[in-house]
Amino acid sequence: MIIMKKDATEEEIKHVVTEVEKHGLKADVSRGEFRTVIGLVGDESKISFTHLAVLSGVKEARMVEIPYKLISREYSELFEGRDESRIVQIGDVRIGGESPIFIAGPCAVESKQQLFRIAEEVKAAGGNVLRGGIFKPRSSVHSFQGLGSLGNDEAIEALEWLREAGRRFDMPVMTEVRGEMQADLIAEYVDILQIGARNMYDQDLLGKVAQKGKPILFKRHFGAGIEEFLSFSEYIVAEGNKDVILCERGIVPVGKGKSYTRYTLDLAAVPVIQKESYLPILVDPSHAAGRRDLIFDMSCAAIAAGASGLAIEVHYNPSEAKVDAQQMITPQELKQIIDTCMEISKTVQIHRKKVKV
Ligand code: PEP
Ligand code: MN
């Protein structure tokens, strides 16, 4: 990381960037209120820090040991000149601000009728973003893979429905990009690109999706530690895309015998990540719990823990859903969750300000 002097000129900054690039690294230039900071992206062993430190306009060049320096809160103070959380703005929807946001919709888009009815009811319940899977990650090749897997025409048709539903009901829309091949197509239709838990480790996919320049919902792998999760999100940010929304969705349960939930919701990850990174963190109680009867409680707990919002699977007739029927809630239940979570969020924020640890 190279910290420029307060009065460093544009030319001096440019010269440092050229030096960095000459050594095969990328330079992430952040112009803060007080000073410019240049983060090096790539193999730092290729460059001498003592050489960088003596370049004109450079105040300091230092090695940053944490593997997620570009998204770290500590270094954002240097990058941005102030310690602030990032707000990812999509139209009127602000993710990471004071008010929690709610992403909701079916696990999988099944038909135009199904999607439009759910979209209308999600909007009426107070939802902010419409979700719907078109390319579904499934454990069995013999189960419904989403309309995207049926062929290019079907994929495009489903993407058109999603875009149209978003416009009709005035919500940004989100769907999962499972492979690099789908990224260009999907990015033409949706506002938020979702990276699913299974693909958290696919650094080529992360790089490719980041280049689309759209906000990315980045889900934690069910076997990933928090540091690992943050480190992989850096593959997106290193492409110059800082509109990353992190999402905790449960990790693999431990111990023998029944765990009673699909995954174990790691709620401590929420405040931990908020201390470590300036990126917003959401919680997906649906895939974590895997059970409709737990969604209300887990949603309330996530918002109380400080999550910037929730991603919840919703269907007007849960038992009819082709995918994840057991964890789907109704739009009426979604409304109860949203109303309750808005109250919890306000109350907890007032009290959190008084707590000093
Ligand atoms: C999803 O949100 O559609 C999904 C498949 O979740 P995850 O990637 O967390 O399993
Ligand atoms: Mn699902």
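For clarity, every value in this text was computed on a predicted model and none was experimentally measured. All heavy atoms count here, side chains included; hydrogens, waters and symmetry mates do not. Remember, it's 1-based here, ligands and their atoms both numbered in the order they're listed. Position 1 is the first residue of the sequence, and the numbers go up from there.
Side-chain contact check for Tyr316 and Glu121: no donor-acceptor pair (N or O, by modelled atom type) lies under 3.5 Å.
The two residues Ser299 and Ile337 come nearest to each other via the heavy atoms CB-CG2, 3.6 Å.
At a 4.0 Å heavy-atom cut-off, ligand 1 touches Pro137 through the side chain alone.
The atoms of ligand 1 that sit less than 4.0 Å from any heavy atom of Arg198 are 7 (P), 8 (O), 10 (O). Less than 4.0 angstrom separates some heavy atom of Gly196 from each of these atoms of ligand 1: 8 (O). Listed by number with element, the atoms of ligand 1 under 4.0 Å from a non-hydrogen atom of Arg249 are 7 (P), 9 (O), 10 (O).
Of the protein's heavy atoms, Arg131 NH2, 2.9 Å lies nearest to atom 3 (O) of ligand 1. Here the heavy atom of the protein found nearest to atom 6 (O) of ligand 1 is Lys219 NZ, 3.0 Å.
Judged purely by atom type and a 3.5 angstrom limit, Asn241 uses its side chain to pair as donor or acceptor with the backbone of Ala210.
Looking only at side-chain heavy atoms (C-beta outward), Leu230 and Ile71 come within less than 4.5 Å of each other.
Below 30°, between 30° and 60°, or above 60°: for His51 and His23 the angle between ring planes is between 30° and 60°, a tilted geometry. Classified by interplanar angle (parallel below 30°, tilted 30° to 60°, perpendicular above 60°), the ring pair Phe229/Phe218 is parallel.
The salt bridge (Lys or Arg N to Asp or Glu O under 4.0 Å) test with Asp284 singles out one residue from Arg262, Arg131, Lys219, and that residue is Lys219. The only member of Glu239, Glu21, Glu44 that meets salt bridge (Lys or Arg N to Asp or Glu O under 4.0 Å) when paired with Lys26 is Glu239. Applying the side-chain contact (heavy atoms from CB on, under 4.5 Å) test between Asn128 and each of Asp170, Ile338, Val93 identifies Val93 as the sole match.
Near-neighbour remark for the Mn ion (ligand 2): protein N, O or S atoms under 2.8 Å are Cys107 SG, His287 NE2, Glu313 OE2, Asp324 OD2; waters not counted.
Between Ala197 and ligand 1, a contact under 3.5 Å exists for at least one N or O pair.
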